[in-house]
Each structure stands twice: as structure tokens, then as C-alpha cells.
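A short write-up of the structure that comes next.
Residue numbers begin at 1 in each chain, while the letters A, B, ... track the order of the sequences. Everything numeric here is computed off the predicted structure, so don't read it as measured data.
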Protein chains: 2
Amino acid sequence: MDYNAILELLRQKGYRLTQARKQVIRILTTNTQFLGAYDIHNLLEKENIHIGVTSIYRVLDLLKKLDLVRSEEFGAGGERFRLQGNEEQHEHSHQLICSQCGRQEEWVGECPITDLAEKLEHTSGYQIEEHWLRFFGLCPQCQEL
Amino acid sequence: MDYNAILELLRQKGYRLTQARKQVIRILTTNTQFLGAYDIHNLLEKENIHIGVTSIYRVLDLLKKLDLVRSEEFGAGGERFRLQGNEEQHEHSHQLICSQCGRQEEWVGECPITDLAEKLEHTSGYQIEEHWLRFFGLCPQCQEL
DNA sequence: CTCCTTATTGATACAATGTTTCAATAAGGA
DNA sequence: TCCTTATTGAAACATTGTATCAATAAGGAG
Ligand SMILES: [Mn+2]
Ligand SMILES: [Mn+2]
Ligand SMILES: [Zn+2]
Ligand SMILES: [Zn+2]
């Protein structure tokens, strides 16, 4: 879903097409990485566009409610947001994170736990929607030090 | 490893057995859940024991460096710490988190991805130390609403 | 195009977690 | 008991996030 489609959807739902909404959506459509609210704020400030942090949070909350963005929260630094459809390959994350230098790689590959998720649904009673799989360890560079 | 064993280990390594260290270690030995630095601070304040937050962080960093505590960081609220040996079954986390109400359950069971981790070590070059596996979905209660 | 209503904004104040600095303190060996 | 210095903790600050409320601007009505 691109910039104009999202604006149109908001308009249809009766939301006003304000500067705050348009600018935050623009940033999200042009960045495929996860961004924190303050990251978005900083990017806008660099363009000399001033949108209050409070409003940025409100736009992100709205987009989340409408299922247009998904958020992740791991490590320090708070919640980070990414537009639905901007994930590289998988909806869920398979990550490789260096415990020394913090380098992060999105590990792309066959999801190895689809079966497990299904099994767990039966034993736990949870209706499972997604999962995260994250590996932590020393990246090749950090092993040499 | 219990309270006295940890103190003895610190003493052997040349660390002074200070009030801050003894009190934080005491709290960690008597609580098997993950605790944040401020949680520990609050528990101590309730007992009218005043240890600066800075010192609590320093004790936790030290214990982490010595591999006596392990920390987790997910959801809001920052890093949380737990004594090694206080995990119910597994060293690493397998969690079930309700995307509606936030309920979290530590899912205990055979780790299904030990093989995968080993395979990934070869293909990625990372020296993998641990992993997280987290499932998100609706808990039984939230499904009824 | 202008006016009006009100949804939306953003400044401000506040909260929670975390780090840096540095003078004061206390641990523990002499 | 004294001395050295490892350790502490108050204070100032940084980052992420939320509550409040007066001011503003979006967009429909006329
Ligand atoms: Mn950030
Ligand atoms: Mn807490
Ligand atoms: Zn690394
Ligand atoms: Zn639930």
C-alpha cells in the first residue's frame, strides 16, 4: 500500500488529512526499516518540518489500530514501527543479533517452526498469530577481537 | 548458586563485599522472576534499605559480566535481570504473549531449534550463544470477547 | 470563497528507565 | 586503628513515552 492509497483509506474512514499524518506516512513509505517515533521526528526535523512528538505517537497509534503498521520492541530504544508490506521477505522476524557490537541481520530462510506453532496452538489454547525467532551471538568480526 | 556462594565468589575475585552488592544479590536470590533495576530498588526501599539506583545498575552489570545473572529485554519497561539457576527449566526463553491483553507465559518444553541453531552457526559465521523464541497470539480469555 | 465546528495539534509538564561525573564514604588489608 | 582506594550515591542529564489543555487548521456548510 503506497502513500496515496493510505491517505485515501484514512479519508474514507473520516480522518482528516493533516500535515502530521501526511508527513509521518511519507516517512514510513520511504523507509523500509523499523523506525522509532523519535527517529521519525529527527528525520522530519532534518527537513525542517516540525511535527510534535505527541502527534507522531498519535499517528503511529492510529496506523497501528488500522493495521497499517506493525511494531517491534526489542533491545533498548523503545518501540519501532514499520509499514505493513515493507517487510523484506517474511512477516515475522528471524534475526541474528551480535551480542557484542549490536549488529543485526534479518535472517531470511525457510521458517523452521511452522509445525511447532501449530502444535502449540493445540496444547496452549492460544490462537497464534505470529512469532519471533532471534539468535544472539558473536558476529564474525567480533570473534576476531 | 546461593547467596553465600555468590558472595564467596566475589570475595575470591577481589571484589569488596559491600552493602549494595549484598542487598542486590539477596533480592535476586529470593526472587525467581525477572526484575528490573528499579524493581529491585523499590523492593529495597520497602524494607527501608537505601541503595542508589546507580549502584544497583553497577551490581547488575558486574553480575552479568561474571555470568551470574542473565537479562531479558522485551516489551516496555527496560532490561530485567534474573539469577542464573533461577530459570524454571530452560536457560533461554520460550514465550507465549497475548497480543490483546499482554499476558505472558513462559512456555516450558523441549527446545525445538537446537539443531537449527547449530546449522545456522555454520551458514552465518555467527558464534551463537542463545536464542529467543516468542509466539504472539490471542490467549484463551481474549478469544471469548 | 468564507465561515463554523470540532477533530487534531503541540507546548508543557511529567513519568520511567538509564548513564555520566565526581566528591564522599566505607571495605578490608597493613 | 589507620590508610588506601574501590565503591558509592547525589545530581545533572539523556531517551522514550504519556496526560493535559488551549490554540489551530481541516473540511463541510452556506
Ligand atoms: Mn532509535
Ligand atoms: Mn518494572
Ligand atoms: Zn559483532
Ligand atoms: Zn489475552
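Of the candidate nucleotides D:dG17, C:dT17, D:dT7, D:dT7 has the atom lying nearest to any side-chain atom of B:Arg21. Which of C:dG10, D:dT8, C:dG18 sits closest to the side chain of B:Ala20 comes down to D:dT8.
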Walk along nucleotides 24-29 of chain D from 5' to 3' and tag each nucleotide B, S or - by protein heavy-atom contact under 4.0 Å, base first, then sugar-phosphate.
-BBS--
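Distance alone, capped at 3.5 Å, is enough to place a donor-acceptor pair between the B:Ser124 side chain and the B:Leu120 backbone. Side chain of A:Asp61 to backbone of A:Arg58: no donor-acceptor contact under 3.5 angstrom is found. Panel note: side chain A:Arg80, backbone A:Glu73; no donor-acceptor pair is recorded below 3.5 Å.
Within a 6.0 Å sphere centred on CD of A:Glu118, other residues, nucleotides and ligands contribute 12 heavy atoms or fewer.
If you measure from atom CD of A:Glu79 to atom P of C:dT17, you get 16 Å, rounded to the nearest angstrom. Between the NZ atom of A:Lys13 and the P atom of C:dA7 there is a distance of 18 Å, given to the nearest Å. Protein atom NZ of B:Lys22 is 12 Å distant from nucleotide atom C1' of C:dG28, rounded to whole Å. One interatomic measurement links the two molecules: OH of A:Tyr38 to P of C:dG10, which rounds to 14 Å at whole-angstrom precision.
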Check the pair B:Leu35 / B:Phe81 against side-chain contact (heavy atoms from CB on, under 4.5 Å), numbers first and verdict last.
CA-CA 5 Å; B:Leu35 295 175; B:Phe81 304 81; 5.8 Å; no
Take B:Glu121 and B:Leu116 through the test side-chain contact (heavy atoms from CB on, under 4.5 Å) and record every step on the way to the result.
CA-CA 9 Å; B:Glu121 269 200 334; B:Leu116 182 67; over 6 Å; no
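Against DNA chain D, the stretch residues 51-64 of chain B makes heavy-atom approaches under 4.0 Å through B:Ile51, B:Gly52, B:Thr54, B:Ser55, B:Arg58.
Using a 4.5 Å cut-off on side-chain heavy atoms (C-beta onward), B:Lys65 and B:Leu60 make no contact. For the pair A:Met1/A:Leu9, a side-chain contact is recorded, criterion being any heavy-atom separation below 4.5 Å from C-beta on. The closest side-chain heavy-atom distance from B:Leu62 to B:Arg21 is below 4.5 Å. B:Lys22 is not listed as a side-chain neighbour of B:Arg26, based on a closest heavy-atom distance of 4.5 Å or more. Side-chain contact check for A:Leu66 versus A:Ile6: every heavy-atom pair is 4.5 Å or farther apart.
Between the axis at the start and the axis at the end of the helix from C:dC1-D:dG30 to C:dA30-D:dT1 there is an angle of 10°, using five pairs per end and rounding to 10 degrees.
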